[in-house]
Structure formats: structure tokens, C-alpha cells
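Notes to accompany the following structure.
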Amino acid sequence: MVFDELLILTLNENKKNKDWSKDALSLTTQLLSTHPDIINPEFYTIWNYRRNILINGIFPISSSEEINELLNNDLAMTTKALKVHPKVYWIWNHRRWCLEHIPESSNSSNTQEWRLSTWEKELFIVERMLDADSRNFLAWDYRRYILSSMPVRRSERAELAYTTKKIEANFSNFSAWHQRTKVLSSLWASGEVDRVSSLQKEFELVQNAMFTLPEDQSAWLYHRWLIGSGDDKSILEREIKVIQTLLDEQPDSKWCMDSMVTYKLMLLNNHLPRGTRESIDITNQCLTLLAQLEELDPMRCQRYRDIGGCKVDELSSLKPSLTR
Amino acid sequence: MSDTLLTDLHVKYIQNLGKNKDDLTYHMTAHLRMNAVYWGLTALCVMKHKDALDAEETIEYVMSCWDDEAGGFGAHPGHDAHILSTLSAVQVLAIHEALARIDVTRVVNFILGLQHPSGVFAGDQFGETDTRFLYCAVSALSLLGAIDRLDRERTVTYLASCRNFDGGFGRVAGAESHAAQVWVCTAALAILDRLDVIDVPTLGWWLAERQLPNGGLNGRPEKLEDVCYSYWVLSSMAILNKLTWIDSAALTRFILSAQDSEDGGISDRPGDMVDVFHTLFGVAGLSLLGYPGLDDLDPVYCMPASLIERMGLKKGWKALPRRL
Ligand SMILES: [Zn+2]
């Protein structure tokens, strides 16, 4: 058997005796790196032990150059492991721990030198990981961590451009759309990007995706984020018209109909007085769409019934002369 | 492939787990052993075969994983304490009514010591944070009768910061919504009586859209179906009283089709290798869907509902009525 039981027993013994020597460190290296397919990288106790050896045994007797080198070796070791196990939390976690311990460089004119180059490398690696699997949520989480902890913060516009690139490569990449909601919120809040004009550009981008892949929910979800709680009446009315155009082309598009109902209900609840001719007409349009959705999407028919049910109650409470 | 639940085979499958200690997989999965004991035992309880594993043997195993230095439980004897294995230990001991055997004060202090100033919890001394760990803390404290020692305000504030525009929750603040994280956040808020933090119509919609044409549920938009995601989505819907918003018959068929009809156990999707994790979440999902002959499962704690009710911890969730 390839599995090295003896190695594990020795390690457990060493750990119990708080053996923080270089020999103990190389035993953990052996266990964690030489059999990347055999030894489970989720063996978290060994990662913990390794960090304890470094903190308590090795760092105190090392120069900052040596510490930097040790940590870079660990980053290189886990890069190999990540290629085999891209979704193991413990590996990502160990990288983060390494970053947090990168020392200031001995070059007094640029103490951030090592940290800067390490963070740049991390950003490069996480981009390669996202090239391999653009939905890997651990990689995205790590990316956000890297960006938020960079020694010199990168412009958020650069991150916005990154999401544009990912979205244009694949409209179905909801992880990239999600990231865009976070980056834009922050850019709007800081005033670095003007919300009103950027909103127009976002609607253009997302409409392009909706018209290209109307059955893909990623773009529809993003569209819903742009609409928000529907406080802007003119945007709501304009987007309802756009979706109507698409619905005329694709009369069986569930996402068109579902979004149409949602936005028309927002129009009713936020902007139109109850009981007017216009609001009754819109309510009836919603009820018709909901009945079509029940047919088209029977798996979720109860949801459409529940939404319609509330509206029917509202209609029947109005004067009979106004309802048809 | 079978259209009924093969209870006897699944019970046998769980009984045989871990019997062959020379097996490579036994060692490969040591880091999950305590969780596996909880998954197996809970699946047996739901199938009304709690006695298929020896209670005293199980309790002794749990106690052998105590990490006296940290004051919590590890995944296996000799492994470091972690909040994931500590919750599983508490759950197993609660099911066997053996919580009196542990030093509750020390376990409570171990858990409380893992909370960060932001309100999130780390998994262990090395500080990786995740809403999963926050749930583990809230659930374990509640089961130990110590929920009043938790800083509720800070905990809820952190949960709210993980909420996204689609109604869902991510692993950490800023992260994409993911069904497993939605469940841990929803269930934690249920325990803390703070479901008001959730935008129920939007989250209910997002959850309902996880169902795919083959009946299975995915964990994020445009991803594959999986039995375990089916459970995360289903239990969240049960807590929000929205179980009727998906097609329960189609999901029941999907879970049943992922059974191994020769050797027992349930896999992530039809044709794949079974494991005890998916076996529990398959059976647990069927219980919430009202599958005949099963015991009720509490979707907030993922434990037998009768036990949670006896402990006075039941919240206002709603499963589908049990069919005959
Ligand atoms: Zn799964």
C-alpha cells in the first residue's frame, strides 16, 4: 500500500510532544506534498501542525529573508495541490495564512517589496484558476480577499473591467455578474463612477445578454439587481417596453414573463394609485401572464398561483363597476 | 434504479461503514469521521432504525475525539478541535441523550472564543471564517442550552452583511449566493428568531429556480443538480414555508434515482459513487417531502424533529404532510 501509515503515526507522536523542529516540518511536507493524489489535503490537523511548527519553531530562528522564502515555498507547494484539488477549503486557507505572515522586506526604502510581489503573484494565480473554472466560488472569494488586502489597493475600475471580460466571454457566468454588483455598488458609493450614466451602460450590457440567451437566468438576475426595488418609474416603464419587444419575439420565454410580472407589480405598488383604470388593466395583464406561466412552468405553478392570489383578492375588493 | 426507498439496504450500508479499518478510504476520510458518524446516525433515525448502530460504542467514539487542550472535539482521535466536528459531536450526543457526559462550560467557551469582532465565527484557532462556522456555533450553543451567552446582535449583523440582492447568502460578506450557505444563514436566523432579516419573496423565488427539468436541484444558477443541494434548498424552503413552490414529486423521483439498488447508499446524482453524506441528505430531503414511512426531520437543526421538540427548541417551519 502506498499509504504511509507509519508517517502519520510518527507525526501524531511528534505533534503530541510539541516537536517544532525542521525534521518535523519536513515530515509534514512529505505528507502534504509528495503524495498529492494519495494523501488527502483535507487532513487539516497536519496543516495546523505545520503552521505551529513554523510559528513556534522555525520563524524565531530565521531571518526575514528566510521567512519570506519559506512562505513562498509553501505557496508554491499549495499551487501544485490546488491544481489537483481546486475546491479544498484547507488549501486556500493555508495560502491566506501564508500571505498574512509575509514579513516586511529588509530593503528600508521599500519595506512592502515582498508583499507587493507576492500579492501580484496571487492575483495572477487566482486568474489562472478562474480561467480553468470560471464559477469556482472559493477562487472568487480568494480573489476578493486578495483585492481587499493588497499592500497598494488596485483601482476598482480594473476589477470592473475584469468582470466585463469574464461576462463577455460567457454570459452564463453568474459569478462574474455577481462580482459586478459588488464592484459597481462600491464605485457608485464612492462617487468614482457616476451612477446615472453608468446605469444606462449596464442596461445596454445586460440587454445584449438577455437578447442573446433569453433562457439563461444569469442576465435576468442581474437585470433585477439593476431595477432594484423599482423606485424609478421611467426606468421601470422603459424596461417593461424592452422586455415586451423580446417577449414578442420569444412568446414562450419564461424569464421574460416572470420579469414582466415582477416589474409590472412594482409599477402598481410603487407608482400607480389603486383602483384606476390603468392599474386595473395592469393587474389583469399580470394575471394573464401568471396563468400562462402556470402552464409553461408547471414545476413552480404554486408560486405563480400565490402571487396571482394576492392580486385577485385586491381586485375583488374594488368596486364591481371598475372590474370587468 | 428504484422507485421506492430501499431502507433495508441503506441501513446495512451505514452499518458497514468504517468496519474495514484497513481500507485506504477509511484513512482518507479520517478528517470527516465525526461528521460521518452524525450523518449516518441521523439518516438511521429518519429511517426509524436508530438502534442499528450500538449507542454506547458511538458515544465512546465521540468522547475519544475530545481535544483537551482546545476544549472542543476533533474529527477523529488525535485530530485538532474544529467547530465542524464539535457541532457533530454535540448533535450525536444529543440524539443519544448523553450531553451530560461532556464539560458543557468548556465547549461553550471554545465556541464563543471563535467569534470575531465582525460577528462571524472561525472554524478553529487559525481563523478561517465562514457562515457555515457561524451556523455550527449557533446550533451547538442552542443544543447546549447556552444560546443566551451569544452576542446575538453582532451575529445577526454579520448574517445581514452576507445577504445579496437575489435574496440569498454567501460564505462571507461579498460572496455569491450558494444554496448551502443560504441554508446555514436561514437556519441560524431561525434559531435566533430573526427571520425578518430575510427578503422571503425574493429568496423563495431564487430557491424555487434551483429546480431543473429532471427534478433535481442545483446550488447556484446554471450549475448541475445534486442530492445534497436538494436538501439545502428544501430545508431553507421548509423554514420559509415555501415548500410548495417546487415540484415535490419530480424531486422525490430524482432522489430515489440516485440510490445504489445493489449495495445501498445514495450518491450526488444517478450513477455516481454513494457516500454517507449524500445518503443522509437524500433521506432527509425525502422526509421533508412527506415520503411515507419516514420520521420527521427538523430542517433547522437537521436532526430528528421529535427530539428537537422535546428539547423545547422547535421553530415554526413547515414540511409537506406525511403520505401513507
Ligand atoms: Zn453533493
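The chains referred to below are lettered A, B, ... by the order of the sequence lines, with proteins before strands, and numbering in each begins at 1.
Heavy-atom distances place the side chain of A:D306, and not its backbone, under 4.5 Å from chain B. When heavy atoms are compared at a cutoff of 4.5 Å, A:N173 does not approach chain B at all. Of the atoms belonging to A:K15, it is side-chain heavy atoms, and not backbone ones, that fall under 4.5 Å from chain B. With a 4.5 Å cut-off on non-hydrogen atoms, A:R135 touches chain B through its backbone and its side chain both. Contacts between A:W220 and chain B at a heavy-atom distance below 4.5 Å are absent for every atom of the residue. If you measure heavy-atom distances from A:Y145 to chain B, you find no contacts under 4.5 Å at all. Proximity to chain A is limited to the side chain of B:A250, based on heavy atoms less than 4.5 angstrom apart. For chain A, no part of B:T129 is nearby; none of its heavy atoms comes within less than 4.5 Å.
The main-chain N or O of B:G174 is found under 3.5 Å from a side-chain atom of A:R144 such that the two form a donor-acceptor pair. Between the side chain of A:K182 and the backbone N or O of B:E176 there is no donor-acceptor pair closer than 3.5 Å. When atom types are taken as modelled, the side chain of B:H178 and the backbone of A:F137 share no donor-acceptor pair closer than 3.5 angstrom. The backbone N or O of B:D80 lies less than 3.5 Å from a partner atom in the side chain of A:T45, making a donor-acceptor pair.
The shortest side-chain heavy-atom distance between A:M299 and B:W245 does not fall under the 4.5 Å cut-off. Under the 4.5 Å side-chain criterion, counting only non-hydrogen atoms from C-beta, B:I246 is not in contact with A:R303. Taking the side chain as every heavy atom from C-beta outward, A:W225 and B:N164 never approach each other to under 4.5 Å. Between A:Y44 and B:H79, the closest side-chain pair of non-hydrogen atoms falls below 4.5 Å.
Contact between A:D141 and B:R171 at its shortest, heavy atoms only, is OD2-NE, 2.7 Å. When all heavy atoms are compared, the tightest approach of B:Q125 to A:N48 is NE2-ND2, 4.3 Å. Between B:G78 and A:N12, the closest heavy-atom pair is O-OD1, 4.2 Å. Counting all heavy atoms, side chain and backbone alike, B:F165 lies closest to A:L221 at CE1-O, 3.0 Å.
Among residues 61-77 of chain B, the residues having any heavy atom closer than 4.5 Å to a heavy atom of chain A are, in sequence order, B:E69, B:G74, B:A75. Proximity to chain A at a heavy-atom threshold of 4.5 Å picks out B:W205, B:W206, B:A208, B:E209, B:R210, B:Q211, B:L212, B:P213, B:G215, B:R220, B:P221, B:E222 from residues 205-222 of chain B, in numerical order.
For A:K254, the NZ atom is densely surrounded, since the number of other residues' heavy atoms within 6.0 Å is greater than 12. For CD of A:E100, the number of neighbouring non-hydrogen atoms (other residues, nucleotides, ligands) closer than 6.0 Å is greater than 12.
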Check against ring pair (Phe, Tyr, Trp, His ring centres under 6.0 Å), B:H82 and A:W90: CA-CA 12 Å; B:H82 194 282; A:W90 312 104; 5.3 Å; yes
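With salt bridges taken as basic N to acidic carboxylate O contacts below 4.0 Å, none links B:D166 and A:R224.
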